[in-house]
Amino acid sequence: MWLGLTSVLAIGAPVFACAALGFAWARAGKPYDRAGITALISNIGAPCLVFRNLVGLPVEPGAMLEMAVAAVLSILCFTVLGYAVLRVARLPSHTFLSPLVFGNAGNMGLAVCTFAFPGESGGVSPGLALGVCYFAVASFLHFTLGVMLWSGSFSVLQLLRTPLTWSVVLATVVIACGISVPRWILDTAQLLGELSIPLMLLTLGVSLSELDLERLPRSFLLSFVRLAMGAAVGFALAAALELEGVARGVLILECSMPSAVFNALFAEQYDGSPPQVASLVVASTLLSFLTLPFILAAVL
């Protein structure tokens, strides 16, 4: 139990350190182009991150398809349940639905899956490999369904203009055809992809500098809803799909993640009350330190 708590705290520490730097930067009155940085992440960083992770890890096509189906079903469940909760609570779905639906499957989810299911004798972690499948599907839906939730509309043309769409399509073609990608392309994609995580966290901290402290209790309440809903859907889907072993554990862990940092970026882009969304992201991450050790104990 204590080992799990220590590991989760170690995973979350860089998240809060980077966010704290962004917060301090904004409080010091330094310039920060949130719109420009959001565009940089959405159009370059995130697509490169997804492409590199998908084509760079050995995953069997059958296991990949199984996890992809589970990821889609989990997002659909979160959307329905989250909308119902917000309707009952009389809160705007434009602001709060996406943070309830999309969890931190990337920088936190992948790290937790790697810790929970390490590779043998220094090999590739099976938890990381399947976690990347979930992350890719969730990211694709976040940049399509998520954008629809934020903007209130859906456009096929907008979908085709989204770089992440082509990143996923290209990675799928590469995997399906067994194409060997040159090392320099993989290294370039990795270099550009790694930009996105620290920039997301710095932007989160900048948004927190405008936080309304009077609304923190609501943020923690919605954070509890996000984490409880995630765990419930994860366990239920794993049972319904008869998943076992690493696949079961990865699905449950990814579903149980706190709200994704990307939600704060989309709140900036679509005028969705960035301070409130940033507050929910941080509050859910804080609460996850208490819940994840129990989730880890249940799946290991």
Side-chain angles (χ1 to χ4, degrees), residues 46-47 49-82 101-120 123-146 159 164-179 181 193 226-227 229-258 260 262 292 295-300:
L49 182 67
V50 169
F51 175 79
R52 177 63 181 87
N53 283 335
L54 276 180
V55 303
L57 291 173
V59 183
E60 295 181 3
M64 179 182 294
L65 178 60
E66 184 179 60
M67 186 55 63
V69 170
V72 171
L73 291 175
S74 69
I75 298 298
L76 291 177
C77 289
F78 295 148
T79 302
V80 173
L81 294 174
V101 172
F102 297 102
N104 193 343
N107 54 319
M108 190 168 184
L110 293 181
V112 172
C113 289
T114 302
F115 158 74
F117 303 102
E120 297 181 0
V124 175
S125 161
L128 176 60
L130 288 177
V132 165
C133 294
Y134 186 100
F135 168 64
V137 173
S139 297
F140 176 76
L141 291 175
H142 203 171
F143 277 80
T144 53
L145 173 62
L159 175 61
L164 190 66
T165 300
W166 296 107
S167 173
V168 173
V169 170
L170 182 59
T172 302
V173 171
V174 168
I175 295 170
C177 299
I179 299 173
V181 181
R226 163 63 210 166
L227 295 172
M229 179 177 65
V233 168
F235 278 103
L237 276 180
L241 297 175
E242 299 182 347
L243 299 181
E244 298 180 350
V246 177
R248 174 181 179 271
V250 167
L251 176 61
I252 293 171
L253 287 172
E254 289 285 22
C255 286
S256 303
M257 288 298 106
F262 262 119
L292 274 177
I295 302 296
L296 285 167
V299 301
L300 294 179

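Because the structure is predicted, anything quoted here is derived from the model rather than measured.
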Are side-chain heavy atoms of [X] and [Y] found at a separation under 4.5 Å?
X: Tyr134; Y: Val72; result: no
X: Met64; Y: Leu130; result: no
X: Ile252; Y: Ser256; result: yes
X: Val233; Y: Leu73; result: no

Closest approach of [X] and [Y], non-hydrogen atoms and distance?
X: Gly234; Y: Leu251; answer: O-CD2, 4.2 Å
X: Ala247; Y: Glu66; answer: CB-OE1, 4.2 Å
X: Leu49; Y: Phe135; answer: CD2-CZ, 3.8 Å
X: Leu110; Y: Glu254; answer: CD2-OE2, 3.9 Å

[atom1] of [X] to [atom2] of [Y]: how many Å apart, nearest 0.5 Å?
X: Thr172; Y: Trp166; atom1: OG1; atom2: CH2; answer: 12.0 Å
X: Leu227; Y: Cys255; atom1: CG; atom2: SG; answer: 12.0 Å
X: Met67; Y: Leu243; atom1: CE; atom2: CG; answer: 6.0 Å

Check: Arg248 side chain, Ala239 main-chain N or O, donor-acceptor pair, under 3.5 Å: no

Would you find a donor on one side and an acceptor on the other, under 3.5 Å apart, between the side chain of Ser139 and the backbone of Ala136? no

Can a cation-pi geometry be assigned to Arg226 and Phe78, taking NZ or CZ under 6.0 Å from the six-membered ring centre and within 45° of the ring axis? yes

Of Val246, Val299, Leu253, the one forming a side-chain contact (heavy atoms from CB on, under 4.5 Å) with Cys113 is Leu253

